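What follows is one structure encoded as structure tokens, with my remarks underneath.
In this text the structure is predicted, and so the values were computed from the model without any measurement. Residue numbers begin at 1 in each chain, while the letters A, B, ... track the order of the sequences.
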2 protein chains.
Amino acid sequence: MSQQHGHGAQARLAVSTVIFALSPDVDGDGVERPSLRIPLVRRLREPGAGRWALPGGWLPVDESLEAAAARTLHETTGLAPKYLEQLYTFGEPDRSPDERVVSVVYWALVHSDEVERAVADENVQWFDEDELPHLAFDHHEIIDYALWRLRTKLEYSGIAHALLGERFTMAELRGVHEAVLRKRLDPANFRRTMEASGTLVDTGERLAGTRHRPPALYRFDASRTPAAPPPTDAAAHDAAHASSASHDAAHAASASA
Amino acid sequence: MSQQHGHGAQARLAVSTVIFALSPDVDGDGVERPSLRIPLVRRLREPGAGRWALPGGWLPVDESLEAAAARTLHETTGLAPKYLEQLYTFGEPDRSPDERVVSVVYWALVHSDEVERAVADENVQWFDEDELPHLAFDHHEIIDYALWRLRTKLEYSGIAHALLGERFTMAELRGVHEAVLRKRLDPANFRRTMEASGTLVDTGERLAGTRHRPPALYRFDASRTPAAPPPTDAAAHDAAHASSASHDAAHAASASA
DNA sequence: TCAAAAGTGTTCGAACTACACCCATGT
DNA sequence: ACATGGGTGTAGTTCGAACACTTTTGA
């Protein structure tokens with residue numbers, strides 16, 4: 001029952017992404033606390049023309065959800081995400097004034113290394129996490145949710161490195177945590193916690209040019225990641241690292257009774 | 001760019017639900033360990049006709065995602081879910097042989113009180129969690145993921161009660177945890193952990209008719225639930241309790257650059 | 001030699017585990 | 001009275017927070 005609606009009266013499927021990156025370190029010496037930044041695009045057509053919105057687009061019939069999110073991200077920022085994960089699917093019937101649109105939303109983390117190359121013109125701008133403009137639709141709620149996810153996940157998972165470059169100091173890594181969690185962390189305890197996680201590798205190199213004692217440079221070792229969740233491969237919610245394809249799996253609607 | 005595809009070449013949107021309930025307690029005295037059961041429907045048409053699949057259907061244009069999941073659940077089991085939450089959206093292009101189908105999957109917990117009334121005929125059957133039949137599409141992966149979610153969430157959230165009735169003993173609640181987590185729990189420590197969570201209320205009543213000392217009956221107090229996540233109201237992933245509407249929010253595809 | 005961050009050691013208390021033990025009821 | 005789960009007490013352990021302290025560099 002209630003199955004055949006014909007292909008005409010369907011909701012349209014969109015994919016959007018909440019992209020996070022760190023503000024460039026002003027001094028380059030790690031003294032300044034970095035802040036979280038999010039790129040938004042200006043809507044050029046109705047509904048919501050002129051307002052800022054999340055980068056996204058309609059889902060092409062032959063493209064996977066994750067691939068669409070990655071493409072969107074690249075088209076907007078010019079960068080490749082180091083981390084990409086499905087966030088939630090928003091689909092209230094009344095969210096878009098004209099037609100029914102269901103949006104599968106992803107969230108992404110981008111290297112600070114490459115942020116300098118980021119696109120930014122009059123229609124694409126990066127906003128500070130706590131200085132967001134008036135947004136189209138309910139994109140503000142979506143971003144709030146993505147921020148909550150990021151903060152929650154940071155506390156039990158080693159994703160902070162995805163916002164840094166290949167090599168980083170312990171202080172830089174701590175700076176990411178402090179910026180995201182919005183609170184100071186004890187350097188001694190932070191170091192021990194990270195070392196205990198076993199996901200960091202001391203490269204042997206040290207960062208010269210600081211005003212004082214040169215800190216060790218670490219890199220993240222993905223192979224040492226704890227245990228990944230059992231489900232659909234990279235399991236979307238609590239695993240892994242972008243790029244790895246096939247988060248998604250098949251399914252088709254089934255008859256009821 | 002890459003925006004207008006026309007309304008013809010779209011993916012179709014389906015909603016499915018993984019429903020969990022406890023097997024009826026055989027003896028009624030809580031001695032038997034209950035087990036998790038999942039209702040499946042037999043597909044009547046191609047593709048995958050004859051195979052078992054998750055209850056679900058096409059998304060009507062004017063129905064919210066959650067409402068569609070709840071309706072599906074009711075049509076299949078004849079019951080109302082006590083807990084309903086979005087799980088993940090599956091959308092690989094090749095999952096369904098004929099056309100592109102994107103499925104928004106929910107998971108639900110159902111009262112054991114009402115499970116007796118559950119529908120079950122030749123096209124709707126309840127299967128034990130570890131005795132699933134050959135499933136259509138990748139529904140097995142989806143169920144595995146839902147099971148992982150259930151187990152993970154049980155450990156930090158008080159959702160176990162949603163599988164029981166209004167009033168329950170501490171041993172029954174522990175039985176749910178043991179059945180879901182597949183391991184024995186220390187009765188003393190379990191009791192203290194639950195009492196410390198502050199979400200249980202002693203009704204003052206006691207369960208008579210047991211072979212020995214009558215245990216106290218508790219009920220769950222939703223108002224004492226810890227702090228709900230900030231985002232979109234009930235916040236889908238880590239909050240809340242079904243029924244409460246408006247998980248979802250608006251969004252429409254936006255132009256890029 | 002001094003400032004400042006890198007990095008180490010130690011103590012404290014909360015939270016969880018294991019397990020001994022008493023309590024109340026039906027038979 | 002006794003078997004059986006209901007329910008309480010308590011000691012050991014683990015883990016993170018707090019903070020004193022030593023090390024290493026540039027200026």
Side-chain angles (χ1 to χ4, degrees), chain A residues 25-34 152 154-158 160 164 167-179 181-219 226, chain B residues 25-34 152 154-158 164 167-179 181 183-219 226:
Chain A
D25 193 356
V26 189
D27 305 337
D29 62 353
V31 172
E32 282 289 320
R33 293 288 149 233
T152 303
L154 194 65
E155 294 189 313
Y156 67 92
S157 165
L164 293 168
R167 295 188 304 285
F168 47 85
T169 68
M170 196 59 83
E172 285 169 342
L173 190 62
R174 178 165 48 84
V176 176
H177 281 250
E178 290 179 341
L181 300 179
R182 296 166 149 286
K183 66 178 178 187
R184 288 309 181 98
L185 298 172
D186 184 303
N189 295 331
F190 180 83
R191 163 182 299 274
R192 271 184 295 251
T193 303
M194 285 299 144
E195 283 172 344
S197 79
T199 56
L200 295 186
V201 180
D202 191 333
T203 62
E205 304 167 273
R206 290 178 178 275
L207 178 64
T210 61
R211 274 197 283 273
H212 303 289
R213 176 175 176 176
L217 282 169
Y218 298 87
R219 64 179 172 79
Chain B
D25 193 358
V26 189
D27 306 336
D29 62 353
V31 172
E32 282 288 322
R33 292 288 149 233
T152 303
L154 194 64
E155 293 189 315
Y156 67 91
S157 165
L164 294 168
R167 295 188 303 284
F168 46 85
T169 68
M170 195 61 82
E172 286 170 340
L173 189 62
R174 177 166 48 85
V176 176
H177 281 251
E178 290 180 341
L181 300 178
K183 66 178 177 187
R184 288 307 180 101
L185 299 172
D186 184 303
N189 296 331
F190 180 82
R191 162 181 300 276
R192 273 184 294 253
T193 303
M194 284 300 145
E195 284 172 344
S197 78
T199 56
L200 295 186
V201 179
D202 190 333
T203 63
E205 304 166 275
R206 286 174 183 278
L207 179 63
T210 61
R211 277 198 280 273
H212 302 290
R213 176 175 177 176
L217 284 169
Y218 298 86
R219 64 180 173 80

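- Remark on DNA chain C: of its neighbouring residues A:H212 and A:M170, the 5'-side contact belongs to A:H212, judged by nearest-heavy-atom nucleotide.
- Atom P of nucleotide D:dG7 and atom CG of B:L200 are separated by 12 Å, given to the nearest angstrom.
- With sequence neighbours excluded, the residues forming a salt bridge (charged side-chain N to carboxylate O under 4.0 Å, His left out) with A:E195 are A:R191, listed by chain and number.
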Worksheet item: Checking side chain to side chain contact (heavy atoms under 4.5 Å, CB included) for the pair B:T210/B:T169: CA distance, chi angles, key distance, verdict?
Response: CA-CA 12 Å; B:T210 61; B:T169 68; over 6 Å; no
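- For B:D186, there are no side-chain hydrogen bond (donor to acceptor under 3.5 Å, both in side chains) partners, not counting sequence neighbours.
- Distance CG (B:L217) to C1' (D:dG7): 15 Å, rounded to an integer number of Å.
- Partners of A:R174 according to the salt bridge (charged side-chain N to carboxylate O under 4.0 Å, His left out) rule, which considers only residues two or more places apart in sequence or in another chain, are A:E178.
- In this model, the phosphate group of C:dA18 is not approached by any side-chain N or O of B:R184 to a distance below 4.0 Å at OP1 or OP2.
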Worksheet item: For every nucleotide of nucleotides 8-22 of chain D, 5' to 3': is a protein heavy atom under 4.0 Å from its base (B), only from its sugar-phosphate (S), or from neither (-)?
Response: BBB------BBB---
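- Residue B:E172 contributes atom CD, which lies 15 Å from atom P of D:dG5 at whole-angstrom precision.
- Remark: C1' of C:dC16 and CE of B:M194 are 13 Å apart, rounded to the nearest angstrom.
- When the side chain to side chain contact (heavy atoms under 4.5 Å, CB included) test is applied to A:R192, the partners found at least two apart in sequence or on another chain are A:A188, A:N189.
- Annotation: side chain to side chain contact (heavy atoms under 4.5 Å, CB included) contacts of B:E205 (sequence neighbours excluded): B:R167, B:T203, B:L217.
- For the pair B:K183 NZ and C:dC16 P, the interatomic distance rounds to 13 Å; values are reported in whole Å.
- Going from atom CZ of A:R211 over to atom C1' of D:dG26 covers 10 Å, rounded to whole Å.
- Atoms CZ (B:R206) and P (D:dG6) sit 11 Å apart, rounded to a whole Å.
- Backbone-only engagement by A:A216 is indicated by non-hydrogen atom pairs under 4.0 Å involving sugar-phosphate atoms exclusively.
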